[in-house]
Amino acid sequence: MVGLIDQYGMPLKRDELFEEEAGPRMATVRNIHHSYSSAGLEPQQWAQHMRQADEGDPLAYLEIAEQIEEKDPHYVGVLLQRKRAVTGLEITVESANDDDEQAKAHAQLIRDWLDRDELTSDLEDIMDAVGKGYSVCEIIWDKKTYLPARLEWRDPRWFAFDRVDGRTLKLRAEGGQLKELSRHKYIVHQVRSKSGLPVRGGVVRPVSWYWLYKNFSVRDWVVFAETYGQPIRLGKYGPGSTAADRRVLMRAVAGLGSDAGATIPDSMSIEFIKDANPT
């Protein structure tokens, strides 16, 4: 008896086909929590993360790419334009031979599967590759019909490229080992905004430098706007004050900027120096 075979005549293992292979796991390399690597990110640190990605460890790079999408409205708006340009297209299926009833039935089978409410969200998950360079969706097969029951987006952090060729995508397994992807289990989409390694093909790569410096600028402007127009607060302490007294005075001076009130000993004073030309 001949079992299941693929289009190349290779046998398929039922257990592997129906097993959910790349799902999240607690206390493993495939957990859902992020480390928020972009907090306080400096240019030299970002360059180091990109070098690590080129060498086969894109974890920090992908986490920062995700956070850029969350923090920059303009960038995520441009990404959505590119994703919706694809998800909004009409999908057509043509049979391999219009004179062959079996070929026509195969085409209709695909049309029926594509005619689902979930297709738009599936395409958006697949188009996650635009920013990061690649995306992975695991196929959850239906045991009765042998059709995809659903597509599950998998966090790209749970995958890494082979350290030798830099192109073969593998699954992060327990112990930090890289495991070959099971056949017929994944939809892997790679976007090439430039030639070279797939991990360097996402649009976040060149955008990230502009985002990094813009982030510095926005942060500085927020600090400036918070303190603009406020008088300089000058704390004065006597020669006999202790280190603890000076810490109390420092907290009082800092608190006046936000709390508009502070408590200090009689032996200390706070002077407000106003700008003569605040405009």
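Using a cutoff of 4.0 Å between basic side-chain nitrogens and carboxylate oxygens, Glu124 and Arg84 are scored as salt-bridged. Salt bridge annotation for Lys214-Asp72: present, with a cationic side-chain nitrogen under 4.0 angstrom from a carboxylate oxygen. A salt bridge links Arg157 with Glu63: at least one charged nitrogen is closer than 4.0 Å to a carboxylate oxygen.
Annotation: the span from Ile126 atom CD1 to Ser121 atom OG amounts to 9.5 Å, rounded to 0.5 Å. Going from atom CD1 of Ile110 over to atom CD1 of Ile91 covers 11.5 Å, rounded to the nearest 0.5 Å. Summarising the geometry, atom CD belonging to Glu138 is positioned 9.5 Å from atom CG belonging to Leu181; distances are rounded to the nearest 0.5 Å. In this structure, NE2 on His106 lies 4.0 Å from CD on Gln102, to the nearest 0.5 angstrom. The CG atom of Leu169 sits 9.5 Å away from the CG atom of Leu178 when rounded to the nearest 0.5 Å.
Crowding of Glu118 atom CD: a count of heavy atoms from other residues, nucleotides or ligands under 6.0 Å exceeding 12. A 6.0 Å sphere centred on CD of Gln44 holds more than 12 heavy atoms belonging to other residues, nucleotides or ligands.
Side-chain contact between Arg163 and Asp57 is present, with at least one heavy-atom pair separated by less than 4.5 Å. For the pair Val191/Asp128, no side-chain contact is recorded, criterion being any heavy-atom separation below 4.5 Å from C-beta on. The side-chain heavy atoms of Tyr134 and Pro58, taken from C-beta on, include a pair separated by under 4.5 Å. Considering only heavy atoms from C-beta on, Val188 stays 4.5 Å or farther from Phe159 through its side chain. Residues Tyr186 and Leu171 are in side-chain contact: their nearest non-hydrogen atoms beyond the backbone lie under 4.5 Å apart. No side-chain heavy atom of Pro148 sits less than 4.5 Å from a side-chain heavy atom of Asp142. Residues Val203 and Leu79 have side chains in contact (heavy-atom distance under 4.5 Å, counting atoms from C-beta outward). With contacts defined as side-chain heavy-atom distances shorter than 4.5 Å, the pair His189/Cys137 does not qualify.
Of the possible donor and acceptor atoms, none in the side chain of Thr87 sits under 3.5 Å from a partner among the backbone N and O of Leu123.
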Show the numbers, then the answer: is there a side chain to side chain contact (heavy atoms under 4.5 Å, CB included) between His184 and Ile139?
-> CA-CA 8 Å; His184 311 290; Ile139 303 173; over 6 Å; no
Kindly determine whether Val76 and Lys71 satisfy side chain to side chain contact (heavy atoms under 4.5 Å, CB included), including the steps that lead there.
-> CA-CA 9 Å; Val76 73; Lys71 294 180 178 180; over 6 Å; no
Audit row: Leu151, Asp125, side chain to side chain contact (heavy atoms under 4.5 Å, CB included) steps and yes/no = CA-CA 9 Å; Leu151 304 181; Asp125 290 339; over 6 Å; no
Under the salt bridge (charged side-chain N to carboxylate O under 4.0 Å, His left out) criterion, do Asp122 and Arg150 qualify, and how do the steps go?
-> CA-CA 9 Å; Asp122 290 341; Arg150 67 184 191 277; over 6 Å; no
Arg200 and Asp54: salt bridge (charged side-chain N to carboxylate O under 4.0 Å, His left out), yes or no, with the steps?
-> CA-CA 7 Å; Arg200 305 180 71 168; Asp54 296 344; 3.8 Å; yes
Full working for side chain to side chain contact (heavy atoms under 4.5 Å, CB included) between Lys132 and Glu69 = CA-CA 10 Å; Lys132 303 177 180 71; Glu69 290 188 36; 3.1 Å; yes
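In terms of the side-chain contact (heavy atoms from CB on, under 4.5 Å) criterion, residue partners of Asp162 (sequence neighbours excluded) are, by chain and number, Val164, Asp165, Thr168, Lys170.
Geometrically, Arg111 does not engage Trp113 in a cation-pi contact, judged by NZ or CZ lying under 6.0 Å from the ring centre and within 45° of the ring axis.
Between Tyr61 and Trp46, the ring-plane angle classifies as parallel under the 30° and 60° cut-offs.
Annotation: Phe18 is in aromatic contact with Tyr146 [ring centroid separation under 6.0 Å].
No single ILVMFWY cluster, assembled from side-chain heavy atoms under 4.5 Å apart, contains both Val93 and Leu89. When the side chains of ILVMFWY residues are joined at heavy-atom separations under 4.5 Å, either directly or via intervening members, Leu212 and Met50 end up in a single hydrophobic cluster. Following chains of ILVMFWY side-chain contacts shorter than 4.5 Å, one can reach Leu197 starting from Ile64, so the two form part of one hydrophobic cluster. Put simply, Tyr210 and Val204 are part of two different groups of oily side chains (I, L, V, M, F, W, Y) that touch within less than 4.5 Å, one to the next. Ile140 and Val136 fall into different hydrophobic clusters, where Ile, Leu, Val, Met, Phe, Trp and Tyr residues are linked whenever their side-chain heavy atoms come under 4.5 Å apart, directly or through other members.
The minimum heavy-atom distance between Ala107 and Glu94, with the atom names listed, is CB-C, 4.2 Å. Heavy-atom minimum distance, Trp158 versus Pro24: CH2-CB, 3.5 Å. Nearest heavy-atom pair, Glu20 versus Gly23, reported as atom, atom and distance to 0.1 Å: OE2-CA, 4.4 Å. When all heavy atoms of Gly166 and Pro198 are compared, the closest pair comes out as O-CD, 3.4 Å. Among all heavy-atom pairs drawn from Ala103 and Ala96, the shortest one is CB-N, 4.3 Å.
Just one residue in the list Lys179, Arg154, Lys185, Arg183 forms a salt bridge (charged side-chain N to carboxylate O under 4.0 Å, His left out) with Glu21, and that residue is Lys179.
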